[in-house]
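To start, the structure under review is shown below, and the notes come after it.
So you know, we letter chains A, B, ... as the sequences are listed, proteins then strands, and number each from 1.
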Amino acid sequence: MAEGGGWQPPRPCEAYRAEWELCSSAGHFLRHYYVHGERPACVQWRRDLDSCREWEERRSAEAQRSLRESEQARVQAARKHGLVWAPRQSPPADWHLPLPQDNDR
Amino acid sequence: MSHCRRNSARGKVIDPYVKLLLDAMKHSGCAVNKERHFSCEDCNGNVSGGFDASVSQIVLCQNNICNQAHMNRVVTHELIHAFDHCRAHVDWFTNVRHLACSEVRAANLSGDCSLLNEILRLHFGLKQHHQTCVRDRAIRSILAVRNISKEVAQKAVDEVFESCFNDHEPFGRIPHNKTYARYAHRDFQNRDRYYSNI
């Protein structure tokens with residue numbers, strides 16, 4: 001059995017199903033080709049959906065491991081490109097201040 | 001209430017792109033107040049809007065915005081700039097690479113370069129045409145606010161494109177239409193569960 005401690009799949013199984021269906025649609029094929037010039041890869045969404053259902057039905061350790069690895073790979077892929085600017089630790093100081101009285105725009 | 005204010009308010013309530021951006025900004029400490037952070041004005045030329053970083057305000061050019069869909073897209077575009085201003089030290093006025101990055105992101109993520117919008121502009125292209133559109137519109141936006149040559153603007157876009165085209169925050173994906181934007185908003189609302197279980 002997999003670890004307990006209240007772990008659940010990172011997304012509801014319904015979300016994996018919706019992503020897989022969207023990815024597999026003709027409309028997404030067209031939009032993905034328009035952006036990237038190649039066909040989309042959707043098989044991982046199907047694997048994740050199967051793992052999610054496997055977890056829901058049998059609390060499979062393999063399903064848990066597979067889902068975690070898949071989502072960690074997605075997060076890594078999203079972060080692999082360096083940033084142009086430095087992130088802030090707090091919002092701009094003037095964000096909530098009133099507009100200057102002599103705003104001449 | 002003016003037509004401009006009414007339509008921008010409607011977008012904030014029902015458009016999934018705008019709703020996600022407003023939630024993300026609130027989460028980053030920049031809750032948006034429509035009276036403080038939006039201004040409806042008449043503008044020169046055919047500019048649709050702008051983000052004034054010196055006073056942290058979005059300007060909507062009411063004389064150049066055609067309909068609700070256009071309003072939603074302009075609000076989304078400018079909110080992406082506001083989001084970048086909120087989450088990062090963006091040097092809007094003296095670092096053209098920073099400006100270029102935010103313009104690439106805004107063109108990429110706002111729907112400016114959707115297949116339909118490009119066809120309506122009579123720009124016909126399919127394979128990777130989206131990227132061509134993003135580059136071109138980013139350059140145009142830079143030239144609208146900076147007194148620099150097209151070559152300098154193009155060089156800046158080229159230098160930052162790989163990084164900024166692939167920075168999809170806060171959407172997590174390129175929202176091709178409202179369905180993608182709704183999914184992105186769902187993921188944003190689910191982020192606590194997501195990051196605590198991976």
Ring centers of B/Phe171, B/His185 separated by less than 6.0 Å | no
So, the part of B/Ser114 with a heavy atom under 4.5 Å from chain A: the answer is backbone
Does the separation of the ring centres of B/His77 and B/His81 fall below 6.0 angstrom? yes
Taking only Lys NZ, Arg NE, NH1 and NH2, and the carboxylate oxygens of Asp or Glu, determine whether A/Arg46 and A/Glu21 approach each other closer than 4.0 Å. no
Worksheet item: Hey, is B/Arg73 close enough to B/Asp15 for a salt bridge, meaning N to O under 4.0 Å?
Response: no
When the 4.5 angstrom heavy-atom criterion is applied to A/Ala77 and chain B, the contacting part is neither
Residue from B/Gly125, B/Ala53, B/Cys30 scoring the most non-hydrogen pairs under 4.5 Å with chain A is B/Cys30
If one checks every heavy atom of B/Arg191 against chain A at 4.5 Å, the contacting part turns out to be neither
Of B/Gly172, B/Ser28, B/Ala31, the largest count of non-hydrogen pairs under 4.5 angstrom with chain A goes to B/Ala31
So, the part of B/His168 with a heavy atom under 4.5 Å from chain A: the answer is neither
Answer key: most heavy-atom pairs under 4.5 Å with chain A among B/Glu159, B/Glu169, B/Arg173, B/Met25 is B/Arg173
Thinking salt bridges, do A/Glu38 and B/Lys127 make one under a 4.0 Å N-O criterion? no
So, the part of A/Leu97 with a heavy atom under 4.5 Å from chain B: the answer is backbone
Side-chain ion pair, A/Glu57 and A/Arg53, N-O less than 4.0 Å: no
If you tally heavy-atom pairs under 4.5 Å between each of A/Pro87, A/Gly82, A/Pro12 and chain B, the highest tally belongs to A/Pro12
query: Does a side-chain N-to-carboxylate-O contact under 4.0 Å join A/Asp94 and B/Arg36?
result: no
Cut-off 4.5 Å, heavy atoms of chain A, and the answer for B/Asp187 is side chain
Turns out that what part of B/Asp91 lies under 4.5 Å from chain A's heavy atoms comes down to neither
Applying a strict 4.5 Å limit to non-hydrogen atoms, the region of B/Tyr183 in contact with chain A is side chain
In plain terms, say whether B/Arg121 and B/Glu118 are close enough for a salt bridge, that is, a side-chain N and a carboxylate O under 4.0 Å apart.
yes
